[in-house]
Structures are given as structure tokens and as C-alpha cells.
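Nothing here was measured: the structure is a model prediction, and the numbers come from that model.
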Amino acid sequence: MATFAKLSFNKDELNKELSGFFKGILENGAVDAVLAPMAQGKKGVRLSLVTSAANTGAVDPFAPVAAVSGAKIASSLTARPSGRKVAMVLRPCEIRATVELVKLKQVNLDDVLMIGMDCLGRYENTDFTKFQEQGGTSESFLDNAQAGKTATGDFDVAGACKICEFPAADNIDLRLCAIGSGSGAVHIEAVTEKGKAALEKSGVKIGDAPAGRDEAVKKLVAVRTEARDKKFAEFRAETDNFQALGEKLSACINCYNCRVACPVCYCKECVFVTDTFRHTGDQFMMWADKGGLLKMPNDTMFYHLTRITHMSLFCVGCGQCTSACPNDIDLMPLFRTSADKTQAKFSYQAGRSVEEEQPMAGFEADELFEVTGQAK
Amino acid sequence: MAEKKPTGTVLVAGAGISGIKAAIELAEVGYKVLLTDASTQIGGILAKLDYQFPTDHCGMCRMLPMVGREYSSQYCMRKSLFHENIEIMPFAEIQAVHGDAGNYKVDLLKRARYVDPSLCNELEECIAVCPVEVADEFNHGLTKRRAIYQAIPHNTPKMLAIDMQACTSCGECVKVCTSGAINLEAQDEMETREVHSIILASGVKLYNTREFEDAKSYAVSPDVVSSLAFERMMSSSGSYRDGEIKRPSDGKPAKNIAWIQCMGSRNRRQKRDYCSSICCMFALKEAVLAKEKGGPGVESTIFYMDMRTFGKGFQQYRDDAVEKHGVNLIRCRVQGVMKKPDGALEIRYFDPETNEFFIKEYDLVVLSTGQIPYETHKKWADLLNVGLDSRGLLATEEYSKIRLAGKPGLFICGSLMGLTDVSEAMSSGIAAAGEATKFLCGIGADTVKEEEIPEPTANERELSQVSVALCKCGEKPGAEGIDYALLSAELQKYHSVGEVQIVESFCKDNGETAAVDILSQTKCNRLLIGACQPFMYRQNLKNVARKAGFNSSLVEVFDLFGIARQGMTQPSIKEWTMRAAHEVRADIEKLNFKPALHVSALPINQNALVVGGGFGGMQSALSLAIRGVPVHLVEKDGQLGGYLGNNVEATVDGLAPMAKAQDMQLKVYQNKNITVHLNCEVESTVGTLGSFESKLVYKDSGETSYLHHGAVIMATGGHEGATTEYGLGTSDLVMTQGQLKKGLASGDIDVSGTENIVMIQCVGSRQKEGRRYCSRICCMWAIANALKIKEKNPDARVFILYRDVMTYGFYEQYYSKARTAGIIFMNYSLDNKPQMEMVEGKPVVKFMDTVLNEEIELTADLLVLSTGVDPEESNNKLASAFKVGLNDDGFLAEADSKWRPIEFQQVGLYLAGTAHSPMPLKSVIMQAEAAAQKAYAYLSGREVHTAGVVSKVKDAHCIRCQRCVNICPYGARSYDDMENCISVDPAACQACGMCAVECQNNAAEVAGWTDKQLFAVIDAKLMDDLLLSPVE
Amino acid sequence: MSEFEPKIVAFFCNWCTFTAADLAGTSRLSYPPNIKIIRVMCSGMVDPKFVLKAFLNGADGVLVGGCWPGDCHYINGNFKARRRVALLTEILKQYGIDEERFWLRWIAASEGNMLKEVADLMTAKLRELGPSPLQQMGQMVG
Amino acid sequence: MDLKGSIQDLWKDIYNTGDLHHCFNCSTCLSGCPASYGDPPLLVRNLARMVILGLEEELLNEDTPWACVSCSKCEEMCPMDVKPFEMILAIRQWQSANDETRVPPSIVEIYKRGYTQAVGVNTDLRDSLGLPELKTITNNPELLQMFREMLMKTPVVSANDYMFGG
């Protein structure tokens, strides 16, 4: 039976209430540090690493923004571990990417207390600034979004969030529940023993589970799944040939930002910026000769297709690629539609479990006979 | 000044796979080998087999040494064999042997081929004009050939010959031959060679139903074929086409096919009271293949007496054949085949499963024809003036299958020992090479000293520029097909090409000097040589290039003539040349982007570790020690000898293991090169190839020590299995064969008053639960014990309840001997196992007799169980220490079950004896010799050279995700925790490139196979703007 | 359309399929010149990048040839190749390059005839299908 | 069947040669035996096994040895040179020696039907090869009568004529 703590808060005091919890776990030695979204003065919310209990006041976990995927930060902190215990407050997509990175040995969860928050979506970084300017707060967002109103003025949450079927996190120790908690309250759920111990140490009061939560989550997932399937169908119809794909990518300038932002593109340096793709003048001329012309910079489609082969099995659908594109190419559906197919092919789901072997790491002698169509 | 030692020279007579293996192993150590064969080609029987157990595909190339893998496809064994220390002399017969061990003079009759292969341009126009057609013996008459012909269609280079018996001397071939290679007046020639040692690997004659007395009963139609002929029917270079097995008489698809086993074998009437060992597996494989290759609806039925699936993996194959493929097995030897008026082949048989007679029609009948050894053995005995044993076979030493008795320097291997499967042919070939090596060491013969040409360094910062050198190939008129001036001009157009040189001939002596002169002058830093037969000359050409100042990794060779010819029929000279220019572009680009490779030499620690002090271990230790190798022999028990040496006084074939073990122990302890570690086990091992450090733990004291060694031979042996069936352990009257053997030897078991003794074979063996395999020796053990009982008490009745009597090969004689001694063999089936209950203190065995189809009840005074052989549990620890595999049954998993039975994937690691699978003593000793030879060859190399083509880590790009470590099939990659980096063991890496694919940012790369190179090759391949015209 | 001759880039494993191609050659089983053979050490060495590169550079089909299961000279490279081919097929299919243009086949060294069969079949299939969707874009798509 | 009652050395009485023990029950003798078409069939292999096991009573009651038509195919094809035909003759002798009144059932058969073995087995084959129809006793009742009269003159039949009634 999961253990819950209910945090009721007065208006504009959600973060104050939450900071009490984080203060508690730091002060009482449950962890040595907290990585959580924190307000950066009046503008912007960013993940920050807090080691002093006195500095937990600025936490804002439910702020609808994720400028950089927390999975990347988790990797920075633990790939070469400090040996100190860290509580990480991450979004479901970030956690799912983290799960993939664990398998890729880029994250080490040994000393991590993973805290997942309910996610109702995030705004693009610039939109979030506008949101704040218009007086938006995490509280207002939670209330509006639960009522189905994620849009604020002329902007809405990221396209990826609208079709995200994982509003609640898994593979965590503690969960910050907002969905179905009712106005003026959030819950903290201890999912593991480790989480329970931390929750108890934090000093918050243990209480009942939020009554309407499961139902609310289910409903939300259903809405998003439907939106997802619609989006997939649309996108697939739009890009059922290379010509169309080429047009989608026509604004691409080979900046490779999408792969820098991608939490599961974990290479130190993309192969496309290495010597392998530093061609000679002679080669360019040869390619140009072939059809009479060559788009420059070249290798654009090559890059995107290669990226799909590399990351589609790990893709968690966070949409950071779209957010990162300086030329507003909506890359998310490109990767998600492929990921949907490739993960299904291997009955794999990125981010589902640390135990699940990544498909390219193994093989079975008796499988995939349809590939060669040859018996035995 | 000391006299120069002579180079050790060995004649290997017979170029089937065992002879080839022996030759390769000797050549690798550095001895000169003359490999002869009586036929026009090499390859023996295996040249005819496209499909080999257990994967049913060809794997001959796996017998090649594990070096130069990058080029090994050129070494396809089905084509030919190339080694600088091996001289191949096909179509030659040994006429006389003079002299004695260490100094043989051999008179060889070199038969006239009438076509000189060194002049032949391989255009085969002579074949096209030859008016004579005769049956092609390679395809067992299924196809026709001309009088001038190439015996094995896929041999490269082509080795044409004229069949003078068929030739009408019309001279048409001479007229069309532009190279003057044909001489119809050619004569056989005699040549005398001096060799130190001789290995006989001629194989034996096979039974031919058309030649022998059974012809009238079985070979009644062209649709009754031998098993070898059936192989050719399944081969695309035979008569197999369009997914159908065609019956010879009318070309109709054969759907219902029957195999009849034991043709000419196990036949006392024909004075062939032996088994031919391999036919059962042969038939099973063919029956499975027929179902796979023959299209839907093919039915395979095998008529057999005992299905002898005694070897490693055989029983599993049989089970799969029946259960997965639906092959019918019927235990009935049929009296004959009847040809019906419509050509169908009728067989009447008695099915013991239903106890009924059936008459069935078949489209094709395959006779599993066995060996005819006596003629061959007699011929060798006369030639070499050696004795035959009582059976009429060449007499080998008591404990050896290889060493001819009383004739040092003379050895046999392969099917001369009795028909052998591939695995045993390999082991025996290596073992024979081992014996010859020991002999050559003993007489002080030297190995070939390689001339070291220093490797020029490559300046990697230079821009790459390729020089192309085209060989005009001197006098070979085939080269006329290329317009060199045009080709040269075309190649010059490529940006990467700096210069194009034309060389008269690389392979002729003076040509080499000329080539070096020309090449030394070029300003380019990479060299691409276009010549013929690159697989033959690659090494030489690389040496030429080195002399001219090229780093050999930056020199490539391509097949100038082969490359252009593919897919072109009757091209004009221009077409051909343009095509060559186009095709070679990919090679140019690949070389252009190739980085210089560096080969490093890692020293090999000269100690050998032998694990297991039984016969396998002792034999390998002694074999290495007498060649001067320091050996550490580790035994887990308190004394040497293993299970056999400590428990078994005598075997059925008259060996005395306990006495022999005493004798060998003495030799082991006396040999100063051997250090024995008793009560000791290998706990763990660290280190890389050539330099292992093993932790030894002494069980009694708990002490540990560390041993540095370069090679290891795992000879852990096995022991008699245990069972809880049949009340073993609950009554004194129930015991295992091992217990009975001991008891009979010591006299503890007295059979003088015993009436009935019942033995049950395969207890807990050859079944899904328990031991899935046949333990190979239990039938012989049971027979030995039964005979012993009969000797002590002729009135005792001994019943042996069996499933299949596994007295394979010449062990068959002991089965016969047992029957004539009155021992009664009764068959039972697995789904009707004998039941036992104790009645009045005596075991009563009930079972269904498949002959009388009646339940039989036997009251036994002794019930003896054959409980099989179990592997040692210590195999687990050993396997994990050395990162080698175990099979599902707990035996060590060798590198390749057919072609590399003695070694593991990694060099320096070997196995022998029962650690591999249960086997009789002589086979253990043979494998031990083979393992010792492999270890010796490895250690005597002193250094292990990393291949230049090897996987690398670009550390700056590496994110340490370790996917490459996980994917490497050789364990060559590891993550170094201390250094936080990925390291590659360059000696273990086989450059398969899987890590390179797995690594997404190319931090793992195989030098010589980089993405950059492959991209350039793909570009070149797709730059084809020539008009494509399909050639049918 | 009958004028159309497909270009097929064939990545053949050094040990089995490449040797089979060689055998087909020496056995005078001529296969169509549409097949552009590139020798690789193992089918497990075929990087998806190679396949993408081939299609992007105008190949109408890509054929990967490896050893039969159990016969890989690098123990299990062919099994790994099979997973990669399955993966890549899933991706390319969306844009019109499906399993009809991208083949993996097991061809043993002795199966020169099967090599010819596969080469003939694939060439015929691609003649029927016409130029690759990438070719139809008319220029080097890099 | 309990082998307790079997007689180990029975084979010495019946067929005392070393050849018999070579038998490994391969069934060659069965598969082409013309007498194995009968009912009950002659199963040579089983007779050998019975002799070796020493099943005296069973062997005495066995009538099938008398069905042998002496074609000698088993003799010719036996891989172990057991000489099965000689064994069958030996069994017949042994049976007769042990039971003087024994009338071989095959003689009764012959008396009744004129034949023991169906000789019309290959009629289709003969027909397809264009061979004339065989003249057999089956299609010639007069011959059968003559044959019976001849048989009645032999001592073994006349002494036991009650068995041939009708």
C-alpha cells in the first residue's frame, strides 16, 4: 500500500508548502542535495542543485517549463557519481529518458531519490516567459490545465505534451501528485520503501490517498492517447514519401541542435560533426555531378534518418527536438512516429523499465523470420 | 662453424580434409610440406559436400589458421589451398618409398594432365570444342563432362586435365588454345623427393554397390544412388536446380526418398564386420536436407539397424530430424529394392513399431555406402613395408590411432583410421602434424626462417594519393582482353589516382625487381595492384610493395581479370576495359580513405597450463614437455590418472588404463619441464592473450598461488554418471557398469554362481531430461564387462537391454564377439523403458521385447546400469575464468563443432578429451596430441601479432556506454574501471565490426573498414553511368 | 518503364555470401550486373548508415547477404544484422522503401545458385517496382 | 513371458552352430521372405530369437517353420551369415524328433487348398509385363483332386488321415 502525504496550501503558497518538504528531507539527512526546478528570481524556472536547506525556498516543481531535459542533468550529475545522495525532481518524460540513460550507462541511480511530478505539459521556454509576464503561476496552471485549459493567450503547451500519454511518472521513489488532488492541495506519494523512508524523514504528515486521482489520470491519458493517434495519422499521411519528408526538413540548416537537446542522443559528439562527414571538395563535386546539383550543406536527410535509427528505440517523446530547432521545424512527430513503429516491432517501450534490454543489445536465434523469409 | 640444420620436410599423402589440416598445421609451425593426392584435385570427399553437420552449410574455410582473416574469403577451401610452406602436387602417386625414418626417399609418379596449369589462361574454349562427352565422375555420373575438363567445377585457379581414356586425340582443343597449354603427347613423369617424415591421409575406398555383390538386390535402377551421389544431387554444382531434387532416370522430382543404411558395412557374409561410423549422421543430414531443399511434400525415410548418434551433438540432431523435420526412422534392414515397370522403387519392410509388413514405393533410394579399408591398407603396408594387424589394417601403436607401430616418422590420420567425421578428421590431422612435429624436433630438423622485410612507416598526415600498378601478366594471353592504354587513361581521370603504372609481370622473378624499381619512383603513398589471382599472390605482392617503400597496409591487390569478367558474356575489349575501370573505382576509393594500420607483436609467455591430470592432461603435458615447453599440470584430486586411470583396469579393446596411467605418471614426474599441482584448481584468470595470470587454489591447504602462462589446455575429463533409477544404491544386486568393472577386477564381485545378469543401457541418457547425449563408451563398457563375466562363468546368462548398440567403427567386432559368446542383446525403446521391481530380494526386470513383441520378465542376480558419462563440474569455473562457453550438457564448447574441435575462439586456449565430449581412451590421447600441437605451434611463434585490421577506440569520442563491450562476440572489449576507458585486446579482436555498428558516434571503428572508406565505396559503386544491360 | 534498370547495392559477408557470389562466377551462373557487390566482413558489420547512404545516393534496392543462422564466422553477427534490418525497415517503410527494396538473405558459400536466384528475383522485383522513391526526387539527396 | 522357464542351451539341441549367435535381429530375413505373406506369417528373425532365448514350449508349438518355401533369399541376404534357412530346417527336424506324431500343418494346407503360399501375388505385375496367366492349381480342380490322391499315398498322411477329413 502506497503511503501518501497531503499538502494543503493557501493561495499562492503551493511552493512554500512544497519547499517545506524539500527542506525537511535535506535537513533530516534523507538526501545530501536536491535537484529541482527553481525560480530564477522573477523570470524563468530552471533545474537547480541545492545542497543547503536554507535555499529550498525557490522550488517550483510544477512550473510548466523544461528548458533543458532533466535527463541530461541527471546524467551530468551521476555518470561519474559524486557519492552523495541526491533527490531529483523530474518530469515523467525526463524520468523515462533517464531510464534509457541508465541502460546506456549514462545515469547511475544508486544514490538518487527519484521524485516524479505529475505533468500537465510545458510551455516553450519563450512562451513561459510570456506566461509569467501575464501573471501565470504553477497554481493557476495546475487548476486551468486540469480543467482542460492549457492555452494561455496565443500560446499553448508544447505539441509533444498534448499527445503525451504519460502524465504520471513511473520508476520513481516519490511522486508529487497534482492530478485529482483537488484545488488547494497536492499529494506526495511514496512508491518505494526508499521513498517512504524519505517521506517519513521529511516531517510532513502522512495521510490519505487523493480520492479522484486514478480516475483523473486515466481520463487524461485517454484524451492524450486519442490526440496522439490523430497526430500520428495526420503526420504519416503528410509524409508518406521522401519528397514530403524533404519538404518538412527544408528549413534545416544542419545545426544539429535537435540532437543536442535530445535527452537520449547521448553521444559526446555527433558522428555527423566528426571527420567521417568532413568530405573533400572532390567529393562534393562528384555528388553534384551526379544529378547536376547538390543542396548545401548536404547530408541533411542522411542526418535525420541516421538519428532515427540511433534514437528511435529510446525516444520518449519529450519534444525537446522541436523546442530546440531554431528554424521551427516540428521534428517531434517525425521521431515519435518512427519510434512508435520501431518500439512496437521489438515489443519495447522506451523508459518503461530499467530491466528491459534495449533491442539492439541482444538477439534471439528464433525470431524475425519474416526479415529473410527463409525457413530455419 | 656449425652445420646448418636441414629444414623439416613432411610428405602428406592424401589431400582430403585431414591431410590438408595436417599440412596446414605443419606449415604454420614452419615446416615444408609436400601435399600429394592421387586425384587430379584436392579436397577429397568434402569437395563434394555442400552441406555439413550440424548447421547443414559449408564451413570448410573454418579450418584455416586464424590469421589474415580480412582476406580469408579468397581462401575458400572449396576452391583451393595456398600456403607458402605447402607444395601441392595433385595427380601424383607414390610408387616406392626408400630409406628410413628421418630420411625417406619417395618416388612419385606424376601423372600427365596434358594441360599445363601455369600456361592455361582459363578461358575454357578447349572445353567448348571438345567433341567427347562422358559421365562426370565428380557428380557421380549425374552430369556429363568433356574429355578435357575441370574435375571440381569451383576450383580456383582452374586445373584442367584431359581424360586420355576418353580423348580421341582429335586435336580440336589444341587448335583453339592460344596459350599453348595443351600437350597431347605429355607423359607421366617420375620424381624422387626426400622427406623426413610421412603422414598417410589417403582415406579409404568407399563401397560401391555397382561393383560389389549387392548390386542385384539394391542397385536395380539409376534412381538407386550412393549417399555421396545424393550429395551431388543436392548441390547446385551437381544436379540440383529450381528447388527440386531430380531423380537421375527421368529428371522428375524425387518426393519419396528412402535411405538404406549399412551398405557394405556390418556384414559378416561379405567379410566386413565393421561399422563405417559416419553413415548414420550422413543419412540423417541428407534426410533433413532433402525435406528442406526438395520442396513441399518430400518424405524422408531411413531404414537402419542401430542409429549410431554417438558424437557430440549427434543425438540432438537426430531428435530434431525426427521431431522438427519429420524424418521417418524405421529399424529394419531391407532385403532389396524392386524396380516397378513404371520406374518406381518398391521396398517391403517390417515395421517393429506396428509389428506389420509394409510395401511402399519410393522415387529415389539412397544407399549409405561405407568403407572398404583393406585394399588401401594393404597397398600402404606393401609400399612402406609395415605390418598389418589381425584385422588387415595398418598396425598402430597400442594407445595411438596415429603412430604406426614400430615405424617412427610414419603416421596416419583421417579415414585411414576408419571413416571419420569432419571433427575427428580435424583432430587426427592436427594430431598427426603434432606427432610429425615431435619427430622433427627429435631429429633436430629446423623450421623455415622467414625473411623479414622491414615495414616502411607511413606518414599519416600526407594527403592520400593512390598509385595504380597494373600487371600485364607476362605471357598469359588472357590479358589481351584488356586495353591497358585505355584503362590507364580512364583511371587517371579519377581524382584520387596519382599515377598509373604498367608492370610486365609481378610474379616472375625478374618482374619483381622491375616492379620494385618502377614503384620506388612514384610520389604516391598508397598502392593498388591489379593482377590475376590475388589470393595466391597477395603476400608476395605486398612484399614487393614493401621493398619499394610502401607500408603494406596501404597496398591492396585486386583481381584485374575476374573483376571485369563477371556478368559479361563475349565483351569487346573496350567494354571489358571500361568495365574494369569502373569496377576498380571502389577499390581505389576504399584505399584512398584507408588509414595506415599498425601491427604490434605481443610476447607470448612460454609456460603452458594444462588443467586435468587424466589421460588427456598427462598426454598433452608430456607431448609439450618433450618439446621443451614448461608445463604446469593442475589436477583437482590427490593423484594423477583421472577417472579412467584410477578405476578401469582393462577396456574392451585390450587396453589397460590403470597400468598405462601408472606408466604415464612416472614419465610426468620424471620430466623436469612438468610441474604437477595436485588438489588444485584454477580459481580465476586475468590477463590478455599470450599472457595469462591464473590463480591456483590448493584445496587442502587453502593456499593460493599465481601462475603466468601463455597457453592453456583444458582436459578436465569426466566421470561415470549417477542415477536414482532402478533402485541403484538400495540393493547390492544393482550397480553401475563402473562398479561392476571394479568389482570384477578386484574379485569383490563373484559371478561364479550367478545365473542371470541384466544390463540396461542408456540409463538417464539420450533423453530430454537428464543426459541428452550418447556417452559413446557405455556400450563398449557393457560388452567388456559381459565378456569378462562369460570368461569367469560361461554358464551365466547375460542380457544387455539396449536402444542402439553404439559400437561404431571397428568396435563393431566386439559387439560380434559378445554375441558369439552367447551374450543376448535385446532392444527396448525410450517410450517403453524397462521397469524393475524387487521380488524376494532380487531385481525383476520387465520390458517389451521389440523382436518377439512380447513383455519379457527377467529375474536378475545382478542388475547393471550404464549410467553414462558426466562432465566435471569444475568446467563451470574454468569456462568463466577463461571466458569460454559450455554447451547445455556442461561440456566445454569448442570454437566450431566440425572444423575447430580442439580450440576455442580465442587463440591460446585449447581443449582435449572428455572435456569436449565422452570418448574412448585412444580418442582422448589423439585429441590431447592435437591440443598439444596447437599449443606448441602457438607458443613457438613467441609473439602473437595483432592483426592490423583491428577495432580501435577513439577515446575523445567515447562516452563509455559500453554497448561495444556488450556486443563483442569475442570478449575483446572491456571497460577499465580504474582508467574509466574502453580497452580493446588487439589479439582477441577479430575485426568483425559489430562494435563499430553499435557505436553511434564512431568512437569504435575497425581500421581498414571505416565508415569513411565504406561511404566512398558506396559512392563509387553507384557512380555507374554505363548502360546496364542484363546478361542472362 | 521497361528501360529501367535498377541499381542494387549488395553488402555481402566475406565468408558466405561473397564466396557464393564468387562461386556463382566460377560456376558460370551469371547474375545480373545490377547487383553492385560490396564486400564486408560480416553482415553484422553493415551499419544502417551504409544502407541509408546507398539509398540516398540513388540505389533502388539494398541487399544484405550473410551466413545462415549458426554459421556466422563471428558467432552471431548475422542475428544482430537481422535485428538492425528489421529496425531500419520499420523506419524506411514510412517513406516508401519497404522490405521489397531492402532485403536480408542468408546465402551460404556453397549456394552459388541461391545467390543467382536471389539476385535475379530482386532485380526482377525492382524492375517491376520502378526507381526508388529517392531516385524520383531527381538529384543527390544527401 | 518370464524367461525363468527358458532353456539356456536349447540352441545346441536345435541348431548347434556358431552362426546363429551372430544374429542381431536386423530383419533382413523378414523383409523379403515370401512366407512372411502368410497368416500367420513366418518371421524368421523371431524364430532365431526364440532359439537363442531357449523358449522350448513356444518353439514346439510354432507351425510357421513349415511355411518356409525354401527360396533361400534369407540365406543369401543375411548380413551376419546366420544361414536362416538351415536354421528353419533344423527347427523342423527338432520338432519332428520331439513329436513323432507331428503332422506339419503345411501338409494339411496343401491337401486342402493345393498350396501353402499364395502364388498369385504378382498377377498384376505379370499382366502389366505382358506375361501369360500362370497355370496354378487354384484354377484347376481336377489337378487338385489328383494331387490329393497322391498325397494320401504318403505315410505321414495316410497314418493320420483323420486330420485330412473331407
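Between B/Lys1012 and B/Glu589 there is no salt bridge, since none of the side-chain N atoms of the basic residue sits less than 4.0 Å from a carboxylate O of the acidic one. Comment: B/Lys285 engages B/Glu231 in a salt bridge, judged by a side-chain N to carboxylate O separation of less than 4.0 angstrom.
Taking C/Gly70, C/Cys16, C/Gly44, C/Cys67 one by one and counting their heavy-atom pairs under 4.5 Å with chain B, the maximum is reached by C/Gly44. The greatest number of non-hydrogen atom pairs below 4.5 Å with chain B, out of C/Asp71, C/Asp47, C/Ile75, is found for C/Asp71. Taking chain C as the reference chain and counting heavy-atom pairs below 4.5 Å, the highest number among B/Asp896, B/Val1006, B/Leu1014 is found for B/Leu1014.
Both the backbone and the side chain of B/Asp1011 come within contact range of chain C, with heavy atoms under 4.5 Å apart. Proximity to chain C (any heavy atom under 4.5 Å) is restricted, for B/Ala991, to the backbone atoms N, CA, C and O. Looking at B/Ala586, neither its backbone nor its side chain comes within 4.5 Å of chain C, counting heavy atoms on both sides. For C/Ile37, the part lying near chain B is the backbone, with the side chain staying farther off; criterion is any non-hydrogen pair under 4.5 Å.
Relative to the ring axis of C/Trp103, C/Lys125 does not place its NZ or CZ within 45° and under 6.0 Å from the centre. Geometric assessment of C/Lys53 against the ring of B/Phe1015 yields a positive cation-pi assignment under the 6.0 Å and 45° thresholds.
What you find for C/Gly65 and C/Ser43 is that their closest heavy atoms are O-CB, 4.0 Å. The nearest pair of heavy atoms linking B/Asp50 to C/Ser110 is O-OG, 3.2 Å.
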Open item on the list: Walk me through whether B/Phe558 and B/Glu583 qualify under side chain to side chain contact (heavy atoms under 4.5 Å, CB included).
Closed with: CA-CA 10 Å; B/Phe558 72 96; B/Glu583 288 288 334; over 6 Å; no
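Heavy-atom neighbours of chain B within the stretch residues 78-91 of chain C, taken at a separation under 4.5 angstrom, comprise C/Lys80, C/Arg84.
A side-chain donor-acceptor contact under 3.5 Å links C/Thr19 to the backbone of C/Asn14.
With rounding to the nearest 0.5 Å, the separation of SG in C/Cys42 from CZ in C/Phe11 is 13.5 Å.
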